[in-house]
Amino acid sequence: MSEVWTEQHIPDQRGRVAIVTGANTGLGFETARMLAARGATVVLAVRDVEKGKQAAGRIDGDVTVQALDLASLDSIRSAAADLRVAHPRIDLLINNAGVMHTPRRTTADGFELQFGTNHLGHFALTGLLLEHLLPVPGSRVVTVSSTGHRIRAAIHFDDLQWERSYNRVAAYGQAKLANLMFTYELQRRLAAHGTTLAMAAHPGVSNTELARNLPAPLRLPVTWLAPLLIQEAAMGALPTLRAATDPAAVGGQYFGPGNRTETRGYPRLVSSSPDSHDQAAQQRLWTVSEELTGVTFPLGRSRP
C-alpha cells in the first residue's frame, strides 16, 4: 500500500452510491465532498435536514439529503425504508456520525446517548440496509472509531447504559470500542458472502465540532496544543476514504493517521487494542445489540 495516500488516490466513483451519516459538517462533510468529486451519488444522512441541505449546496455533484436521527430507532427504520426504495443498490455505507463526551443523556429509546448513537444506531442502520449491499461486488461498510477506544474503554455488559454511575470519557471509550468490535464481527459474518467488506477508520485529532463536550480540564491543554495536534477535517477524513475506496484494502482492516501517535498525517493501516479483538466479547455484543435494537442481520453466525 502507498505510504502517502491523498485525495488524488480515490478511484473513479461513478456509478457508485454512498451513504454517509453525519455528513452536514466536519469529517462526514469532507468524506461526502470527496466522494462526490469522484463521481459518486452521495446521500447525506443527517439529523438536521436544513443543515444537510446547506451542506449539499456546497458540494459539487449528485448529492441528496436523508433525514436520520441515530438516537431514535423509529427514525433509523424510517430512513432505512426511504433509502431502500431510493437506492436498490448501495456501494458504500459510511457510519461516520457520532457524539463525544456528552453529559449523561439517553436516546429516544432509553439508551445512554454515546453508546446508543455511536454504536447501536449504526448497528441498526447497517442491519436494515445490508440486503442492498450484499449483492454489490466491492461494496463496503466503513465505521468510524477513535483512539478513544483505548482510553478507559471496556464493554460494561453488566451496565451498558451507565445507569449505576457515569463517566463521559469511559462511556465514549465503550462506544468507540464497540464500533471496532462490531466491524470485526461483521467482517467475519460477511466473509462467506464474498461481496461486501467491513472496515474501520479513525481520524486522529481533527478540527471538527465533535470535541465541543470535552471535559473542562482538557479544554485549555487542547487549545494550547492545537497547532501541534489538530489537523483539518479534510485530512481527518482520509482514513475513512482510504478504507472506503482503496482497491488494495481488505475486510477487517483499520486505518488511521500515519504519524507515530496517530494524531495526524496521511492514512495508513493501524492496530487496535487487544480488547477489540476479543471474539467472545464481539459475539456477545452482537447478540445484545440485536436484542436492544430489534434488528437482525441477513447473515449467519461468525466462525472463530
Side-chain angles (χ1 to χ4, degrees), residues 1-13 16-23 26-38 40 42-43 45 90-98 118-119 122-123 125-126 129-130 133 136-149 176-191 195-204 206 208 231 233-259 262-273 276-277:
M1 288 187 173
S2 170
E3 289 303 312
V4 178
W5 196 96
T6 71
E7 179 179 352
Q8 302 308 312
H9 288 86
I10 300 172
D12 188 345
Q13 298 295 299
R16 307 191 83 201
V17 174
I19 297 167
V20 185
T21 68
L27 301 170
F29 174 82
E30 293 296 339
T31 300
R33 179 186 64 78
M34 289 186 239
L35 288 171
R38 289 293 184 271
V42 181
V43 180
I90 299 173
D91 297 83
L92 297 175
L93 172 59
I94 298 181
N95 293 323
N96 163 81
N118 298 353
H119 169 61
H122 282 128
F123 179 93
L125 181 67
T126 303
L129 294 179
L130 194 58
L133 287 121
V136 182
S139 56
R140 301 184 184 187
V141 177
V142 179
T143 300
V144 178
S145 184
S146 165
T147 53
H149 86 275
K176 293 287 103 178
L177 176 60
N179 287 152
L180 283 165
M181 296 173 80
F182 165 57
T183 295
Y184 298 148
E185 178 67 11
L186 177 59
Q187 174 57 33
R188 280 199 301 278
R189 293 177 183 235
L190 287 169
T195 53
T196 306
L197 302 177
M199 298 176 218
H202 82 82
S206 299
T208 73
Q231 60 185 359
M235 279 291 290
L238 288 181
T240 299
L241 286 158
R242 186 166 191 179
T245 68
D246 188 340
V250 300
Q253 289 183 326
Y254 181 37
F255 290 87
N259 74 345
E262 296 179 30
T263 54
R264 59 192 297 162
Y266 295 104
R268 62 173 174 86
L269 285 173
V270 296
S271 62
S272 60
S273 69
S276 71
H277 294 285

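For the atom pair OG1 (T6) and CE (M34), the distance works out to 9.5 Å, reported to the nearest 0.5 Å. Atom OH in Y266 sits 8.0 Å away from atom CG in L238 (nearest 0.5 Å). Taken to the nearest 0.5 Å, the CD atom of Q253 stands 8.0 Å off from the CG atom of D246. Between N95 atom CG and L125 atom CG the span is 6.0 Å, to the nearest 0.5 Å. Put simply, CG on L133 and CG on L92 are 8.0 Å apart, with the number rounded to the nearest 0.5 Å. Taking CG from N179 and NE2 from H202, the interatomic distance works out to 12.5 Å, rounded to the nearest 0.5 Å.
Contact detail for H119 and A178: the closest heavy-atom pair is CG-CB, 3.7 Å. Of all heavy-atom pairs between A233 and L27, the closest is O-CD2, 3.6 Å. Here the shortest heavy-atom pairing between V270 and P257 reads CG1-O, 4.2 Å. The shortest non-hydrogen separation linking R242 to A249 is O-CB, 4.4 Å. A pairwise comparison of heavy atoms in N118 and A97 identifies OD1-O, 4.3 Å as the closest pair. Pairing each heavy atom of P203 with each of V144, the nearest pair is CD-CG1, 4.2 Å.
Residues satisfying the side-chain contact (heavy atoms from CB on, under 4.5 Å) criterion with A198, sequence neighbours excluded, are T183, L186, Q187, L190. Residues that satisfy the side-chain contact (heavy atoms from CB on, under 4.5 Å) test with V136, not counting sequence neighbours, are R89, D91, S139.
At least one donor-acceptor pair under 3.5 Å links the side chain of H149 to the backbone N or O of S273. Although no hydrogens or angles enter the test, the distance criterion places a donor-acceptor pair under 3.5 Å between the side chain of R140 and the main chain of A243. In this structure a side-chain-to-backbone donor-acceptor pair under 3.5 Å is present from S145 to K176.
You'll find the side chain of I94 reaches within 4.5 Å of the side chain of L35, heavy atoms only. Using a 4.5 Å heavy-atom threshold, the side chains of E7 and L241 count as separate. The closest side-chain heavy-atom distance from R38 to T245 is not below 4.5 Å. Side chains of Y254 and S276 form no contact here, defined as non-hydrogen atoms less than 4.5 Å apart. Taking the side chain as every heavy atom from C-beta outward, H277 and S272 approach each other to under 4.5 Å.
Defined by atom type and a distance below 3.5 Å, a donor-acceptor pair is missing between the side-chain atoms of N96 and T240. Side chains of T21 and H122: a donor on one and an acceptor on the other come within 3.5 Å.
Using a 30° and 60° split on the angle between ring planes, W5 and H9 fall in the parallel class, below 30°.
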Query - Worked check of side chain to side chain contact (heavy atoms under 4.5 Å, CB included) between R264 and M235 - result: CA-CA 8 Å; R264 59 192 297 162; M235 279 291 290; over 6 Å; no

